[in-house]
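Counting starts at 1 for both ligands and their atoms, following the listed order. On a predicted model such as this, the values are computed, not experimentally measured, just so you know. One is the number of the first residue; the rest follow in order along the sequence.
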Amino acid sequence: MHTVFVTGGAGFIGSHLVDRLVGCDDITQVTVLDALTYAGDRRNLADAEASGKVRFVHGDIRDHDLVSAVLPGHDWVVHLAAESHVDRSLIDVGQSVHTNVMGTQALLDVAMRAGVAKLVHVSTDEVYGPLPTGCATEASPLRPTVPYAASKACSDLLATSYYVSCGVPVCITRSSNNYGPRQHPEKLIPRFLGLLLAGQQITVHGRGRHVRNWLHVEDNCRAIEQVLRAGVPGETYNIGGGTDLTTIELTMLLLEATGRDADAIAYVPDRPANDVRYSTDWSKIAALGFTPRRELPAGLADTVAWYRRHPERLALSALGAGLEAMSA
Ligand code: NAD
């Protein structure tokens, strides 16, 4: 039997992971620590909290006293809390570094003292930087180009150092772009959907030639659970196997799903450090038994249908609208 401590569980990926964990018979309790920043939403946890297995703690991973009071007693930890938005990281680098680097260090410290059995640190393929061709293995160099990815790369190195020098049983996951219900409306798919459904224009940078691998959030969460159960401490696992699409190909799918045409697109010059392509070799997680199950056409259709049922989840904050305007 296991008890799991999940940071950032009120966010997009975290809440899907909590849904998954509460459904496991051998998991008796899931404690969620979340600061409920602009990106966190307690509504994301409604179904999981109804299971009676979730304890929600409102707090910051950097609050050492709080984390020291609530983490001990859990044998598994999954760390997702982060400033996860690339555009926001460009306007406030300090916030990304404080949360993603200092926050991870604080959590690792408490986990070390508590003697946890496994800690999965959830990271991103963006730490490898742009790859015009080929794909990154877990041994590839880290060459992040934006503050978000750089702060995640720092946190990955810290996590590894706590394994090597202090014996904390850490695994790292680096997944490609996730999509699915409950993603914050500032992220690309819900942002475009919100604007298209409202009859507005969307801005596409540099003719939309950037390639991303799109993985359904439920597939990523299945992979994270696999690493939690079977990952080898000290090892990193790329999580991929979604669908490679250029931004313009994805945009065309969203136009089709919303009944809009290409006139809705405003092309703008590319911005600096808009990485041309990310791609990973995910054979290592495949060897643990993982393969993605959600096909993009059905997954995207479900996602669009979810946002149509929850239009309130597409509303952009003033800052979010400002970020979109900045793109234009
Ligand atoms: P998200 O922005 O939707 O959620 C982040 C959550 O962390 C929010 O609930 C927020 O309130 C919480 N949080 C932020 N700062 C905190 C703090 N100091 N203390 C406690 N809680 C805090 O992010 P997401 O998209 O769900 O991503 C989760 C993790 O997965 C992140 O670490 C991100 O880097 C990583 N990741 C995301 C993607 C993706 O496509 N979304 C891909 C690869 C990796």
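You'll find the ring centres of Y38 and H184 inside the 6.0 Å limit.
The N177 neighbourhood of ligand 1 comprises atoms 40 (O), with distances under 4.0 Å to a heavy atom of that residue. Of all atoms in ligand 1, numbered sequentially from 1 with element shown, those under 4.0 Å from a heavy atom of F12 are 3 (O), 25 (O), 26 (O). Close approach of ligand 1 to A10 is summarised as follows: ligand atoms under 4.0 Å from at least one heavy atom of the residue are 9 (O). Those atoms of ligand 1 that come under 4.0 Å of a heavy atom in S176, given as number and element, are 42 (C), 43 (C). With ligand atoms numbered from 1 in the order given, ligand 1 contributes 19 (N), 20 (C) to contacts under 4.0 Å with heavy atoms of G59. Within ligand 1, the atoms closer than 4.0 Å to a non-hydrogen atom of T99 are 15 (N), 18 (N), numbered from 1 in the order shown.
Among protein heavy atoms, the minimum distance from atom 2 (O) of ligand 1 is reached at S84 OG, 2.7 Å. Closest protein heavy atom to atom 4 (O) of ligand 1: G11 CA, 3.5 Å. What sits closest to atom 10 (C) of ligand 1 on the protein, heavy atoms only, is T37 OG1, 3.3 Å. Among protein heavy atoms, atom 9 (O) of ligand 1 sits closest to D34 OD2, 2.6 Å. Protein heavy atom closest to atom 27 (O) of ligand 1, with residue, atom name and distance, is I13 CD1, 3.8 Å. Ranking the protein heavy atoms by distance from atom 43 (C) of ligand 1 puts S175 OG, 3.3 Å first.
A donor-acceptor contact under 3.5 angstrom links the side chains of H74 and T31, judged on distance only. No hydrogens or angles considered: a donor-acceptor pair under 3.5 Å links the side chains of H121 and S155.
A distance of 4.5 Å separates SG of C171 from NZ of K118, quoted to the nearest 0.5 Å. The structure places CZ of R174 at 7.0 Å from CG of N238, a figure rounded to the nearest 0.5 Å. Note that OG of S51 and CD1 of I27 are 11.0 Å apart. Values are rounded to the nearest 0.5 Å.
The aromatic rings of F290 and W282 stand perpendicular to each other, their planes meeting at an angle above 60°, with 30° marking the opposite boundary.
Residue-to-ligand polar distances place L80 within reach of ligand 1: an N/O pair is separated by less than 3.5 Å. Some N or O of K152 is nearer than 3.5 Å to an N or O of ligand 1, by distance alone. In terms of N/O distances under 3.5 Å, ligand 1 is approached by D60. Geometrically, ligand 1 and L33 share no nitrogen or oxygen pair separated by less than 3.5 Å.
For R113, the side-chain hydrogen bond (donor to acceptor under 3.5 Å, both in side chains) partners at least two apart in sequence or on another chain are D109.
Neither the backbone nor the side chain of Y179 has a heavy atom within less than 4.0 Å of ligand 1. At a heavy-atom cutoff of 4.0 Å, ligand 1 is contacted by no atom of N100, backbone or side chain.
For residues 161-183, every residue pair satisfying the ring-ring contact (aromatic ring centres under 6.0 Å, His included) rule, not counting sequence neighbours, is listed here: Y179-H216.
Taking each heavy atom of M1 and D75 in turn, the nearest pair found is O-OD2, 4.0 Å.
Stacking of R207 on the aromatic ring of Y267 is recorded, both the 6.0 Å distance cut-off and the 45° axial limit being met.
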